[in-house]
Amino acid sequence: MTAALLAGLLAGYGIAVPVGAVGTYLVSLTARTCLRTGIGAALGVATADGLYALAATAGGSALASVLRPVLAPLRWVCVLVLLALAAWGAATAVRRYRGRRPAGRAGAVPSSAARAYLALLGITLLNSTTVLYFAALVLGSGGGAAAGFAERAVFVTAAFAASASWQVLLAGGGALLGRALTGHRGRLVTALVASGVMTALAVRMALTPA
């Protein structure tokens, strides 16, 4: 149970920490509206991460029973996927940092916390990298074949909680924190930290006995 909790927290922070377009929009939205609206938007992002974690966990369990004969080579494929995601995220962050590309401008501002929640939920659900990330984690660790319902529930809940805590931190951090995290240097640092977390997950997966 503790292992599932730690794995879920690590997975949630790994996907939530890099401050990209969604994180930048979240901070700017809170600055232009109020903390309540920002928290609603933050929970929308976290809900999408939790739903993807749930889908990957459930799908991973079903696939694991079918793919059990090739689970060992599949584990290495998943390790390579995580390493590729880490490298891609770090390279993109470095390229944007060197090019000093400004963050995209946000569109219409949601007028309530509920609308902000739905807007950010929809935007984050369109991020295919998130489902690929969680699917690689679940399949690479055995697809939940050896884990019971309780362990999978703890994993999903922990991933949601980790994402929610980071998104709420972004929303409530204020203008100073927003500038620090969404500026050129802040975006580079958070992306490199997240890439480091993904790399650590891949290494842990590779060293864990099948």
When rounded to the nearest 0.5 Å, the distance separating CD of Gln167 from CG of Leu120 is 8.5 Å
To the nearest 0.5 Å, atom CG of Leu43 lies from atom CG of Leu121 at 10.5 Å
Could you list the residues that satisfy side chain to side chain contact (heavy atoms under 4.5 Å, CB included) with [X], not counting sequence neighbours?
X      : value
Leu5   : Leu9, Val154, Ala158
Thr92  : Trp88, Arg95, Arg96
Thr157 : none
Ala159 : Ala53, Phe134

Closest heavy-atom contact between [X] and [Y]?
X     : Y      : result
Thr47 : Phe160 : N-CE1, 3.7 Å
Leu26 : Gly38  : CD1-O, 3.5 Å
Asp49 : Ser163 : OD2-OG, 2.6 Å

Which atom pairs, donor and acceptor, lie under 3.5 Å between side-chain atoms of residues 79-86 and protein residues at least two apart or in another chain?
none

*Quick one: does Ser165's side chain have a donor or acceptor within less than 3.5 Å of a partner on Ala162's backbone?*
yes
